[in-house]
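What follows is a short report on a single structure.
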There are 2 protein chains.
Amino acid sequence: MKQVAERAGVSTSTVSHVINNTRVVSEDVRQRVLAIIEEMRYIPSAVARSLKNDRTQTIGMMVPNNSNPYFAELIQGIEDAAFKVGYNVILCNAYEDPKKQAAYLRVLIEKRIDGLILVASSADQELARLLRALAVPIVLVDREVDGVPADFIKADHEEGGYLATRHLIELGHRDIACISGPADLLSSRDRVRGYLRALREAGLRFRLDYLVRSNFTGEGGYRALQRLLRLPKRPSAVFASNDLSAIGSLCAASEAGLRIPDDLSVIGYDDIALASYTTPRLTTVAQPKYEMGQRITNVLIERIMGGHLPTRRELLQTRLVVRQSTATHA
Amino acid sequence: MKQVAERAGVSTSTVSHVINNTRVVSEDVRQRVLAIIEEMRYIPSAVARSLKNDRTQTIGMMVPNNSNPYFAELIQGIEDAAFKVGYNVILCNAYEDPKKQAAYLRVLIEKRIDGLILVASSADQELARLLRALAVPIVLVDREVDGVPADFIKADHEEGGYLATRHLIELGHRDIACISGPADLLSSRDRVRGYLRALREAGLRFRLDYLVRSNFTGEGGYRALQRLLRLPKRPSAVFASNDLSAIGSLCAASEAGLRIPDDLSVIGYDDIALASYTTPRLTTVAQPKYEMGQRITNVLIERIMGGHLPTRRELLQTRLVVRQSTATHA
DNA sequence: CTGTTAGCGCGTTCAC
DNA sequence: GTGAACGCGCTAACAG
C-alpha cells in the first residue's frame, strides 16, 4: 500500500480511502490510484485490516464430521449464505471428541473469529465454561449446551418423529419399530418422543424390544435391523431415525431376503440427497437443510452486527416425503 | 498482552517469550507470567502474530461442492492432517462456477492464506493467470490447470477404469457399457481410457452406444442407465465411473425390474462410505481418499516450509473392492 | 536473564 | 480535497 501511494504520488491514507470509499476523493486522483493498484496487482491485507478493526470476517463451523451427508449439506447452506454476506468459514471436525473440540475452540479464539456455529460434540460443564469465555456470538445447532445462553436452532424433531410414525400408522401398520440414535443426543431423543406420541395417539402399545438404539450410521442401521429381524414377532415397519441408518436397514433387509416395501416398510429421516436414489427410493422426513443454513447464518451475522436481542430459540418445520420404501400393510 | 506484562511486572517481550518458549526465562518470572495469563484468561491474537510473521497457519480448500461424498471424505482427510500440523482450513465451494471461484481466490489472497488446495472448477486462462499471481504454494487435486506449474496429485484413474472393466471381463461379460462423467474433466476421461484399454486388451469391440456421458450425480446415473436399457442390445454389465452415478443406476435398474447382479452387473468408482450399504452392496474401485488427504496436505506444508523442490506429480494407486453388485455372466 | 524499540499493513483522527 | 501521525498486538533485533 505504501508503494502504491508512492507511485501514485499520494499518501497512504488517500489510497485507503479510495479502496474503501470512505471519503470523497477527486476523480483524477481516484482513477490514478486505481490504475496503479491494478498495475501493481496490489491486494489489501485482510489481516492488517482485522488487527485494526477487530473483525476478521471469518466464522468457525464446528461439526462432528463433515462426511456425514446431513452435516455436509448443512455446511453447504451455511458456507453459501456466509459467502454472500462477506464471511468465510473455517471448518472444524470434532469427531465427538471433547478434547479435540476444546483444542479447536482455542485455536478459533486465537484466530479471532467473529462468530461460531456449533453442533456440539459433548455438552459438559467444561464446554459451557469455554463457550462463556469465548466472547463471540454463538449459534448452537441441534444440540443445546446447558448454561450457555446462545441462540439455538434446530428442526422440530419431535414433530418429525411423529410425522414419520403417523405415516406408517396411516398405512395400516401396527407393529412399528424404531431405530434410534445415541441416547445422549437431544435431537435423537426428540425423534423417539415423536414416535411414542404417534403410537400412543393411535392406541398402539409400545414394545420395548421394538426400540433399538443405534448410532446414526449405515453400519449401525444394518445391525439394528438384523436384531429386529431376529425377534419372535417381527415388526412390519421401521422408523429409522436418520437416513444413514435407514439405508443400512434397507441393506440388511435385502440380505435377509425381505422385499421392501412389500415385506417391510422403512422410513428414514433427514432427506439427504442420496435418499432419492436408494433401492427402493427412500420415504423420509425432510429437514429444511438449506433454509436452516440460511437461517443459522443470518442469526449469527445479526448477532455479530451487535443486535443485543434476547437469545433466540427456533424450531424449523420438517416435512414428510413419501417415496417408495413404505407401503400399506396387508 | 500489555496488561499481562504490566500485572506481572515485566515487559511484553518477556511475556512473548514465555508464551513461545523462544528464549530462556528465569523460572520464577516464567511461573508468575503463566499464572497471570491463566488468571486473566489471556489468549494471544493470531492475527497480530500473522501480521508480524507473514504466516497465517491457514490454508484454503476449494472444491466444486462439499456435499459430494467423495469431496466430503477428501476434505475430511485434509482437514484432519492440517489440524495435526497446526493449520486451519477455509472451506470454499465453487460450484463449477469460474466467477465464484475467482471471487473466492481474491478473498483468500486478502486473507493471506499460506497455501491453497484446489480442485479446480474450470481451468481456463483466466484461472491460470490468477493462480500464477497468487504467490502462495498450491496443490492441484484431480484437475490440472494448464500453465500453472504447481504440485499435482490424483489417483490413477486410467488404471482404476481399467481395473473396473477388467473385473467385469473376468466375470465373463462381453457387453459392457460405461457411464462417464463430464467430458471436460481429465479424471473422467482417464477412467474411460482405462475402460477402453481393458476392452481392447480382451479383444472386445467398443460400441459407441455403450458409452453414455453423464455428470457424476445420482440423477445422471439414473437417466444414463435408462438410456442403456432402451438399447436394442442391452449390456450385461455397466461401469459407472463414480459411485453416485452407480447408485443412480442401481435405482433405475431396480425400477425397470432388473435384478442386480443377476440380470445386470454394476461397478462404481470412488468407494464412498455409503457404497457398503447400497442394495446390493456396491462393487467399486476405491480411491485412497484418506491417504490422498494426508499426502496432499503434507506436500502443501512442505512447500509452504520453503522446499524449493521441483514440482511434484503424483499418481496414487486405486484398488478393486468386490462386493455384491457384480456377478459372473451366464 | 531482561527491557527498549521498531515495524508488520492497515484505518482513523486531526490538522491543514 | 489531502497528509501526517498514531496505534491495533505481536515478534525480533539490539542493548544492557
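Computed from a predicted model, the values in this text were never measured in an experiment. All chains are named by letter (A, B, ...) in the order of the sequence lines, taking the proteins before the strands, and each is independently numbered beginning at 1.
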What integer distance in Å separates A:E6:CD from D:dA4:P? 12 Å

Could you tell me whether the phosphate oxygens of C:dT2, OP1 or OP2, come under 4.0 Å of any side-chain nitrogen or oxygen in B:S26? yes

Under 4.0 Å from any atom of DNA chain C, heavy atoms only: list the residues of residues 36-57 of chain B that qualify, in numerical order. B:L51, B:K52

To the nearest Å, give me how far apart CE (A:M1) and P (D:dC8) are. 18 Å

Report which part of the nucleic acid A:S16 touches: base, sugar-phosphate, or nothing (heavy-atom distance under 4.0 Å, all strands). base

Residues A:R303, A:H308; criterion side-chain contact (heavy atoms from CB on, under 4.5 Å); working and verdict: CA-CA 7 Å; A:R303 186 69 69 182; A:H308 266 283; 5.8 Å; no

Say whether, by atom type as modelled, one donor and one acceptor occur between the side chain of A:N66 and the main chain of B:A72 under 3.5 angstrom. yes

Atom CZ of B:R32 and atom P of C:dC1 are separated, to the nearest Å, by 15 Å

Any side-chain N or O of B:S11 under 4.0 Å from OP1/OP2 of C:dT4? no

Hey, is the main chain of B:Q317 close enough, under 3.5 Å, to the side chain of B:D156 for a donor-acceptor pair? no

Going through the checks in order, is the side-chain hydrogen bond (donor to acceptor under 3.5 Å, both in side chains) test met by A:N65 and A:Y70? CA-CA 10 Å; A:N65 184 337; A:Y70 166 64; over 6 Å; no

Report yes if some heavy atom in the side chain of B:I59 is under 4.5 Å from a heavy atom in the side chain of B:N88; otherwise report no. no

Whole Å only: how far is the CZ atom of B:R23 from the P atom of D:dT11? 12 Å

Output the rounded distance in Å from CG (A:N20) to P (C:dT12). 8 Å

With distance as the sole criterion, do the side chain of A:S13 and the base of D:dG3 form a donor-acceptor contact below 3.5 Å? yes

Calculate the interatomic distance between A:R112 atom CZ and D:dG9 atom C1'; express it in whole Å. 9 Å

Quick check on DNA chain C: between A:I19 and A:K2, whose nearest nucleotide comes earlier from the 5' end? A:K2

So does B:E39 pair up with B:R7, basic N to acidic O under 4.0 Å? yes

When the distance from NZ of B:K111 to C1' of C:dC10 is rounded to whole Å, what number comes out? 15 Å

Nearest-Å distance, CD1 (B:I109) to P (C:dC10)? 14 Å

Report yes or no: do A:S67 and B:Q76 form a side-chain donor-acceptor pair below 3.5 Å? yes

